[in-house]
**Student:** 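The structure that follows is given in the form of structure tokens.
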Amino acid sequence: MAASLLGGETPLACAISVLRGKDPEVLASSSDRARRLDRVQHEAGEGPCLLALGGLSHVFIPALDSNGGWFRLAGTARREGIRSVLATPIHAGDSVRAALSCYSAFQNTFEQSVIDAVEELAGSMSRTVQVALGSHSRDLESEQWRASLRSRAVVDGAVALIIVQDRCSRVEALTALHQGARTSGRPLLEEAGNVLIGKFPRTT
């Protein structure tokens with residue numbers, strides 16, 4: 001949801017794919033369109049999503065129609081009204097690979113500032129993805145530890161949203177969140193929850 005806001009007035013279509021075994025899967029998406037675009041790459045065995053899953057820093061295709069390859073993705077993107085794509089890896093632990101893919105209906109969406117914001121956002125998603133996958137190396141049978149991970153995921157989600165809204169670094173976003181908590185007199189977790197609820201009241 002936070003990544004989709006990077007598109008400005010026209011939200012990006014975003015998806016997170018993961019590879020835990022032989023076949024990749026879509027863990028989450030901002031729309032059915034994003035899910036379909038990731039899945040067509042999984043089925044074809046090629047595309048920027050899979051390259052990002054392989055660990056490349058980021059894969060940016062400014063014009064899918066003129067890329068000259070990835071014909072299944074290009075055809076699907078054309079039907080879905082998608083012109084460009086940016087995919088970047090998410091660190092999700094030693095045994096899991098994950099990637100965030102952002103799709104745009106325009107060719108000029110991904111300026112350098114947007115690319116930097118997507119990479120910063122992907123970096124902030126690490127613990128959230130680990131919670132969703134249950135892949136953290138510590139003992140997840142402990143309810144106290146699971147609750148701790150969920151709390152950290154809420155904070156990370158709020159930080160990610162601030163990164164998108166303010167186009168700032170993770171350190172700056174975390175500082176802003178702490179400042180908001182101090183100003184309001186609320187615990188950090190409660191302040192983070194309010195940030196998310198304020199932007200996504202129906203889905204948080």
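Since the structure is predicted, the reported quantities are computational estimates derived from the model, not experimental observations.
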**Student:** Once rounded to the nearest 0.5 Å, what's the spacing between atom CZ of Arg182 and atom CD of Gln179?
**Tutor:** 4.5 Å
**Student:** Kindly give the heavy-atom pair with the smallest separation between Pro89 and Ala122, and that separation in Å.
**Tutor:** O-CB, 3.7 Å
**Student:** Grab the two heavy atoms, one from Pro62 and one from Ser84, that are nearest each other, plus how far apart they are.
**Tutor:** O-CB, 3.2 Å
**Student:** Check for me, please, whether Ile163 and Leu177 land in the same ILVMFWY cluster - side-chain distances under 4.5 Å, paths through other members count.
**Tutor:** yes
**Student:** Using the salt bridge (charged side-chain N to carboxylate O under 4.0 Å, His left out) rule, collect all pairs that involve residues 170-180, keeping only residues at least two apart or in two chains.
**Tutor:** Asp156-Arg170
**Student:** Do the non-hydrogen side-chain atoms of Val195 and Leu161 ever get within less than 4.5 Å of each other?
**Tutor:** yes
**Student:** Does anything in residues 22-31 form a salt bridge (charged side-chain N to carboxylate O under 4.0 Å, His left out)? List the pairs, not counting sequence neighbours.
**Tutor:** Arg20-Glu25
**Student:** List the residues meeting side chain to side chain contact (heavy atoms under 4.5 Å, CB included) with Gln112, not counting sequence neighbours, and say none if there are none.
**Tutor:** Ile115, Asp116
**Student:** Is it the case that one hydrophobic cluster holds both Trp70 and Val26, taking links as side-chain heavy atoms less than 4.5 Å apart, direct or via other members?
**Tutor:** no
**Student:** Check whether any side-chain heavy atom of Arg72 lies under 4.5 Å from a side-chain heavy atom of Glu43, and answer yes or no.
**Tutor:** yes
**Student:** Same cluster or not: are Leu100 and Val18 linked, directly or through other Ile, Leu, Val, Met, Phe, Trp or Tyr residues, by side-chain heavy atoms under 4.5 angstrom apart?
**Tutor:** yes
**Student:** Might you work through the side chain to side chain contact (heavy atoms under 4.5 Å, CB included) test for Leu19 and Val96, ending with a clear yes or no?
**Tutor:** CA-CA 6 Å; Leu19 181 63; Val96 180; over 6 Å; no
**Student:** Quick one: which of Val129, Leu27, Leu121 gives a side chain to side chain contact (heavy atoms under 4.5 Å, CB included) with Ile90?
**Tutor:** Val129
**Student:** Spell out, as yes or no, whether a donor-acceptor pair under 3.5 Å connects the side chain of Arg83 to the backbone of Leu64.
**Tutor:** no
**Student:** List the steps, then state whether side chain to side chain contact (heavy atoms under 4.5 Å, CB included) holds for Ser104 with Ile82.
**Tutor:** CA-CA 6 Å; Ser104 174; Ile82 293 297; 5.9 Å; no
**Student:** Rounded to the nearest 0.5 Å, what separation is found between the CG atom of Asp32 and the CZ atom of Arg39?
**Tutor:** 9.0 Å
**Student:** With a 4.5 Å limit on heavy-atom distance, are the side chains of Leu73 and Pro48 in contact?
**Tutor:** yes
**Student:** If you define the side chain from C-beta out and look only at heavy atoms, does anything of His42 sit under 4.5 Å from Cys49?
**Tutor:** yes
**Student:** Let me confirm one number: the OG-CD distance from Ser184 to Glu190, rounded to the nearest 0.5 Å.
**Tutor:** 7.0 Å
**Student:** Apply salt bridge (charged side-chain N to carboxylate O under 4.0 Å, His left out) to Arg78 and list each qualifying residue two or more places apart in sequence or on a separate chain.
**Tutor:** Asp65
**Student:** Please list all pairs meeting ring-ring contact (aromatic ring centres under 6.0 Å, His included) that have one or both residues in residues 74-106, counting only residues at least two apart or in different chains.
**Tutor:** none
**Student:** Between Ser31 and Ala34, is there a donor-acceptor pair closer than 3.5 Å when you use the side chain of the first and the backbone of the second?
**Tutor:** yes
**Student:** Nearest 0.5 Å please: distance from the CG atom of Leu53 over to the OG atom of Ser17.
**Tutor:** 6.0 Å
**Student:** Atom OG of Ser101 and atom CG of Leu86: how far apart are they, to the nearest 0.5 Å?
**Tutor:** 8.0 Å
**Student:** Show the nearest heavy-atom pair for residues Ala117 and Arg167, with the distance to one decimal.
**Tutor:** CB-CD, 4.2 Å
**Student:** Would Glu80 and Thr76 count as a side-chain hydrogen bond (donor to acceptor under 3.5 Å, both in side chains) if you check the C-alpha gap in whole Å, the side-chain angles of each, and the deciding distance to 0.1 Å?
**Tutor:** CA-CA 6 Å; Glu80 297 282 0; Thr76 301; over 6 Å; no
**Student:** Taking the side chain from Thr88 and the backbone from Val118, do they hold a donor-acceptor pair closer than 3.5 Å?
**Tutor:** no
**Student:** Gln107 side chain to Ala63 main-chain N or O, any donor-acceptor pair under 3.5 Å?
**Tutor:** no
**Student:** Taking atom CZ of Arg97 as the centre, report whether more than 12 heavy atoms of other residues, nucleotides or ligands fall under 6.0 Å from it.
**Tutor:** no
**Student:** Return the set of residues passing side chain to side chain contact (heavy atoms under 4.5 Å, CB included) with Ala181 (not counting sequence neighbours), or none when no residue passes.
**Tutor:** Leu188, Glu191
